[in-house]
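As structure tokens, the structure follows; a few thoughts come after it.
Excluded from the calculations below are hydrogen atoms, water molecules and symmetry mates; all remaining heavy atoms, backbone and side chain alike, are included. All of these numbers come straight from a predicted model, not from anything done at the bench.
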Amino acid sequence: MKTKKIAVMAMFVAIQIVVSRLLSVTTPITKISFTFIPLAVTGYLMGVKISMLIAIIADLIGATLLPSGPYFPGFTVSAAVTGAAWGMLKGKDKPWLWVIGISFFHFAFVSLLLNSTWIYMMGGKAFSAIIGPRVLKSAIMLPLEIIINGSLITALQRQKFGEKLINGL
């Protein structure tokens, strides 16, 4: 792996940590964050494996340096699944369809099912008490994620930003 590529990957890890840990609102039941933006860009530019690796590294470093509670490996699994999902954007011709599909997958499977299960396992709160606020958060954040990421990936694709950056590595 080239030094430039490792530097770009480190930059995406740093951006992910800042957005996830410093520019988010965390409650005991849910977390409101715009982490989906750097994840989508990373996925579009780097693909499944690298995006998943960046998401894992960012989660581990973020949990170590800026913990918002005790470390739980389930959230690292969620980060890996989300990173891999966004990595599927690489090389796709119709990014809007993929952004919509990945966003629905992220909220239905990762946020509502996996993360709610991890919170239940950590806190012992009734699953029914956890799921209500998380569904509300997902209903608000889903359209934002689709609009922001769809517009951003389309603009990156139109400007051929990804090809210029990756070809330079």
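In this structure, the side-chain contact (heavy atoms from CB on, under 4.5 Å) partners of L23, at least two apart in sequence or on a different chain, are V18, V19. Legend: residues meeting side-chain contact (heavy atoms from CB on, under 4.5 Å) with S138, ordered by chain and number and at least two apart, are F107, S111, L112. By the ring-ring contact (aromatic ring centres under 6.0 Å, His included) test, F109 is found to be paired with F105, residues two or more places apart in sequence or in another chain being considered.
Hydrophobic clustering (side-chain heavy atoms under 4.5 Å, transitive across Ile, Leu, Val, Met, Phe, Trp, Tyr) keeps M52 apart from I54. L66 and I56 fall into different hydrophobic clusters, defined by Ile, Leu, Val, Met, Phe, Trp and Tyr side-chain heavy atoms under 4.5 Å apart, directly or through other members. A continuous path of ILVMFWY side-chain contacts below 4.5 Å connects I15 to I32, so both sit in one hydrophobic cluster. Residues I140 and F104 fall into different hydrophobic clusters, defined by Ile, Leu, Val, Met, Phe, Trp and Tyr side chains chained together at heavy-atom separations under 4.5 Å. Cluster annotation: L60 is not connected to I6 through the hydrophobic network of ILVMFWY side chains, with a link wherever side-chain heavy atoms come within less than 4.5 Å.
Legend: salt bridge (Lys or Arg N to Asp or Glu O under 4.0 Å) pairs involving residues 93-106, not counting sequence neighbours: none detected. The salt bridge (Lys or Arg N to Asp or Glu O under 4.0 Å) analysis of residues 32-57, with sequence neighbours excluded, yields no pairs. Pairs passing the side-chain hydrogen bond (donor to acceptor under 3.5 Å, both in side chains) check and including a residue from residues 12-24, sequence neighbours excluded, read S20-K31. Applying the salt bridge (Lys or Arg N to Asp or Glu O under 4.0 Å) definition to pairs two or more places apart or across chains, none involves residues 95-118.
Taken to the nearest 0.5 Å, the CE atom of M11 stands 8.0 Å off from the OG1 atom of T42. Atom CD1 of I153 sits about 10.0 Å away from atom CD1 of I37, to the nearest 0.5 Å. Distance CZ/F12 to CG/L53: 13.5 Å, rounded to 0.5 Å. Taking CD1 of I17 as the reference point, atom CG of L65 lies at 6.5 Å (rounded to 0.5 Å).
Between M46 and K90, the shortest heavy-atom contact is C-CD, 3.7 Å.
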Table please: side-chain donor-acceptor pairs of residues 74-89 below 3.5 Å, with sequence neighbours left out.
from: T76; atom 1: OG1; to: D59; atom 2: OD2; distance (Å): 2.5
from: T76; atom 1: OG1; to: Y71; atom 2: OH; distance (Å): 2.8
from: S78; atom 1: OG; to: G74; atom 2: O; distance (Å): 3.4
from: S78; atom 1: OG; to: N115; atom 2: OD1; distance (Å): 2.6
from: S78; atom 1: OG; to: W118; atom 2: NE1; distance (Å): 2.8
from: T82; atom 1: OG1; to: S78; atom 2: O; distance (Å): 2.8

List the atom pairs, donor and acceptor, that lie under 3.5 Å between side-chain atoms in residues 143-151 and the rest of the protein, sequence neighbours left out.
from: E145; atom 1: OE2; to: S103; atom 2: OG; distance (Å): 3.1
from: N149; atom 1: ND2; to: F36; atom 2: O; distance (Å): 3.3
from: S151; atom 1: OG; to: I147; atom 2: O; distance (Å): 2.8

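Each of T154, I100, I102, L152 was evaluated against P95; a single residue qualifies, T154, per the side chain to side chain contact (heavy atoms under 4.5 Å, CB included) test.
When side chains are defined from C-beta on, L39 does not count as touching H106, because their heavy atoms never get closer than 4.5 Å.
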